[in-house]
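Below: the structure, in structure tokens.
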Amino acid sequence: MTQPLTKADYDPKDVTVHHDPARLRRVVRALRSAGRNVALVPTMGALHAGHRQLIREAHVLQNTVVVVSIFVNPLQFGEGEDLDRYPRTLEEDVAACREERVGLVFAPSVQDVYPSGAAQTTVKAGPLGAELEGASRPGHFDGVLTVVSKLFNIVAPTFAVFGEKDYQQLTLVHRMARDLNFDLDVVGVPTVREPDGLALSSRNRFLTPEQRDSAVALSAALVAGAHVSARGPEAVLAAARATLAATPGVDLDYLELRAPDLGPAPAHGDARLLVAARVGSTRLVDNAAILLGDGDNADHAG
Ligand code: PAF
């Protein structure tokens, strides 16, 4: 039998922060038994307008209580990556969640999520996990999928909302949910951009003003590629590459055209253009939908 919820478990008029997985699970179960849908927005905190958009999309799903998880997952950071300098801003994040009418924040400790130290049982992302981002960040997607599957099991939401900015992550989460029979819907939300096109990211705060100027080259390259998409894959890649090459301070890691499911790119039709580059010591990614060989789709970058 489900215990009745107290105001300390869930307050319909304010955000409630939970750290303990068992308690959060009990609260979500009670809400779902009472007929509510639960939409999980998994984050690593340092919330910005992109996260707020995910939360707003989560509210649009019917009859939902929105749960935002805030957890900097050590398992998805490789050696020498920015785990230590990753921003941790829980107080500001909770204030942002309050403004966005989030019902529950789940902010577990590393010990709560990995009680026996390093996880022994993990999720493998499969071959796609070793490509694109995975080629530069071995094991990254195994770490992402392991923590996301734990969050899915702890929260047991109706919906889980992810940004298209991390398109490979979104694709792999979709695949995992299907392959491992998670009983939820994965919802993708288009990337939120600065007025000049830069995709919002928690890592943008590390950019100096000059680096910030250079970083716009990533989205500009996607737009340049989209402008010539009617001329086919080679033209798209050449235009995007030229934009990146013309910008000082951008150390390109990859620029690739793929199918929307990240299989090999088609010659015509729907495709995805993906880019990753280091600007200073900050690694940035971006991507856009491209319609190949089908007339002018200059407005298609998103
Ligand atoms: O996209 C992120 O912020 C993280 O990879 C996620 C999905 C919260 C897992 O730690």
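Just so you know, ligand 1 is whichever comes first in the structure, and atom 1 is the first atom listed for that ligand. Bear in mind the structure is a predicted one, so any value in this text is a computation, not a measurement.
Closest heavy-atom approach to atom 10 (O) of ligand 1 among the candidates M44, Q76, H51: Q76.
In this view, R25 and R29 satisfy the side chain to side chain contact (heavy atoms under 4.5 Å, CB included) rule, not counting sequence neighbours.
Using a 4.0 Å cut-off to heavy atoms of P42, the atoms of ligand 1 that qualify are 8 (C). Close approach to V147 involves these atoms of ligand 1, each under 4.0 Å from a residue heavy atom: 9 (C), 10 (O).
Checked by atom type, the side-chain pair Y86/E81 shows no donor-acceptor distance below 3.5 Å. Side-chain contact annotation: D142 with T122, donor-acceptor N/O pair under 3.5 Å absent.
In T43, the part holding a heavy atom less than 4.0 Å from any atom of ligand 1 is the backbone.
R88 CZ: more than 12 foreign heavy atoms inside a 6.0 Å radius.
Checked against a 3.5 angstrom limit, the closest N/O atoms of Q169 and ligand 1 fall inside it.
Side-chain contact between V66 and V41: present, with at least one pair of heavy atoms (C-beta onward) separated by less than 4.5 Å.
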